[in-house]
Protein chains: 2
Amino acid sequence: MTVKPAPNENLLTPSEVATLFRVDPKTVTRWAKSGKLSSIRTLGGHRRYLESEVQALLSGVPQPRHAH
Amino acid sequence: MTVKPAPNENLLTPSEVATLFRVDPKTVTRWAKSGKLSSIRTLGGHRRYLESEVQALLSGVPQPRHAH
DNA sequence: ACGCAATTGGGTAATTCGGGGC
DNA sequence: CGTGTCCGAATTACCCAATTGC
């Protein structure tokens with residue numbers, strides 16, 4: 001059987017991420033804008049976030065960041 | 001090597017596309033109506049979408065647009 | 001021919017976007 | 001510097017009944 005790289009990533013809406021972090025959805029948008037959080041865009045421009053990334057951040061797992 | 005456009009393309013149903021973008025199937029229909037997403041029609045009027053186009057859009061790759 | 005999930009269409013709430021200011 | 005809030009405009013989600021797919 002083929003080893004599938006799981007192209008199917010669960011996505012979260014801005015409000016869902018905001019609820020998880022207990023912040024305003026606008027704040028989540030700022031995180032995305034500043035590159036702290038990666039995001040997918042709908043064809044209408046609305047953002048969707050990777051559940052795995054959000055979960056990792058919630059778990060306190062440091063995300064890969066640019067060495068500075 | 002030549003870049004060959006695949007003649008027979010895998011087709012996705014509205015709900016499948018909706019799941020990939022984390023939106024409502026009706027929203028995908030709206031994208032098709034507005035020309036943001038190309039679609040094939042069944043003989044009964046139901047829409048089918050090109051998997052390659054959907055994947056490209058998910059990847060953030062801008063689709064080739066018709067020059068006018 | 002029948003059943004059932006999915007899709008279609010319209011209409012109306014709820015979110016989200018972007019910018020600006022505190 | 002980061003966050004919450006206000007605003008208008010745009011996008012998306014949920015409601016219905018009828019049609020289509022398999």
Side-chain angles (χ1 to χ4, degrees):
Chain A
M1 41 186 52
T2 58
V3 180
K4 259 191 155 178
N8 245 356
E9 190 67 58
N10 283 346
L11 300 177
L12 298 177
T13 65
S15 62
E16 287 172 339
V17 178
T19 299
L20 290 173
F21 279 98
R22 304 234 17 199
V23 293
D24 195 271
K26 187 99 177 192
T27 297
V28 179
T29 299
R30 292 198 186 98
W31 294 346
K33 281 187 185 175
S34 62
K36 295 177 180 176
L37 186 61
S38 57
S39 62
I40 303 291
R41 293 282 203 138
T42 68
L43 299 193
H46 286 201
R47 295 182 180 85
R48 297 284 115 103
Y49 303 94
L50 298 176
E51 183 180 30
S52 58
E53 186 177 7
V54 171
Q55 293 295 346
L57 290 169
L58 281 172
S59 303
V61 176
Q63 283 297 109
R65 26 179 350 131
H66 280 294
H68 185 271
Chain B
M1 55 228 336
T2 56
V3 181
K4 205 102 181 288
N8 58 353
E9 185 59 60
N10 279 1
L11 298 179
L12 299 178
T13 64
S15 62
E16 287 172 339
V17 178
T19 300
L20 291 174
F21 278 97
R22 185 58 168 88
V23 292
D24 195 271
K26 198 69 92 50
T27 298
V28 180
T29 298
R30 224 176 289 110
W31 293 344
K33 282 186 182 176
S34 63
K36 295 177 181 173
L37 184 63
S38 57
S39 62
I40 305 292
R41 291 279 204 147
T42 67
L43 299 188
H46 287 197
R47 297 182 180 85
R48 297 287 116 97
Y49 305 94
L50 298 175
E51 182 179 29
S52 60
E53 184 179 8
V54 171
Q55 293 295 346
L57 288 170
L58 275 173
S59 304
V61 177
Q63 281 298 103
R65 319 181 58 90
H66 279 296
H68 59 79

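All heavy atoms count here, side chains included; hydrogens, waters and symmetry mates do not. Every chain is numbered from 1 and lettered A, B, ... according to where its sequence line falls, protein lines coming before strand lines.
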Could you give the CG-to-P distance, from Asp24(B) to dA14(C), as a whole number of Å?
-> 16 Å
Value for CZ (Phe21(A)) from CG (Leu37(A)), rounded to nearest 0.5 Å, stands at 7.0 Å
Where the side chain of His46(B) is defined as all heavy atoms beyond and including C-beta, which of dT5(D), dA6(C), dA13(D) is the nearest nucleotide?
-> dA6(C)
Report the distance from atom CZ of Arg41(B) to atom P of dG21(D), rounded to the nearest whole Å.
-> 11 Å
Upstream residue (5' side of DNA chain D) when Thr13(A) and Gly45(B) are each assigned their closest nucleotide | Thr13(A)
Are any of the side-chain nitrogens in Arg22(B) or Glu51(A) under 4.0 Å away from the carboxylate oxygens of its partner?
-> no
Should Thr29(B) be listed as having a side-chain N or O under 4.0 Å from OP1 or OP2 of dT8(C)?
-> yes
From dT3(D), dG2(D), dG18(C), pick the nucleotide closest to the side chain of Lys36(A)?
-> dG2(D)
Lys33(A) has a side chain; which of dA13(D), dG18(C), dT3(D) sits nearest to it?
-> dG18(C)
Tell me which nucleotide among dG10(C), dA13(D), dC6(D) gets nearest to the side chain of Lys26(A).
-> dC6(D)
Where the side chain of Arg47(B) is defined as all heavy atoms beyond and including C-beta, which of dT19(D), dG9(C), dC17(C) is the nearest nucleotide?
-> dG9(C)
Minimum-distance nucleotide (side-chain atoms of Ser15(B) versus dT7(C), dT16(C), dG9(C)) | dT7(C)
Can you tell me how far P of dT8(C) sits from CD1 of Ile40(B), to the nearest Å?
-> 13 Å
Ignoring backbone atoms, test whether Trp31(A) places a side-chain nitrogen or oxygen under 4.0 Å from the OP1 or OP2 oxygen of dT3(D).
-> yes
d(Thr19(B) OG1, Leu12(B) CG) to nearest 0.5 Å is 10.0 Å
To the nearest angstrom, how far is Leu43(B) atom CG from dT19(D) atom P?
-> 18 Å
For Tyr49(B) and dT8(C), what is the distance between atoms OH and C1' respectively, to the nearest whole Å?
-> 10 Å
Only one of Thr27(A), Val28(A), Val23(A) clears side-chain contact (heavy atoms from CB on, under 4.5 Å) with Val17(A); which?
-> Val28(A)
To the nearest 0.5 Å, what is the distance between CG (Leu11(B)) and OG1 (Thr42(B))?
-> 11.0 Å
Nearest-nucleotide pick for Pro25(A), side chain only, options being dT16(C), dG9(C), dT12(D) = dT16(C)
To the nearest angstrom, how far is Phe21(B) atom CZ from dA13(D) atom P?
-> 12 Å
Expressed in angstrom and rounded to an integer, what is the separation of Arg30(A) atom CZ from dT5(D) atom C1'?
-> 9 Å
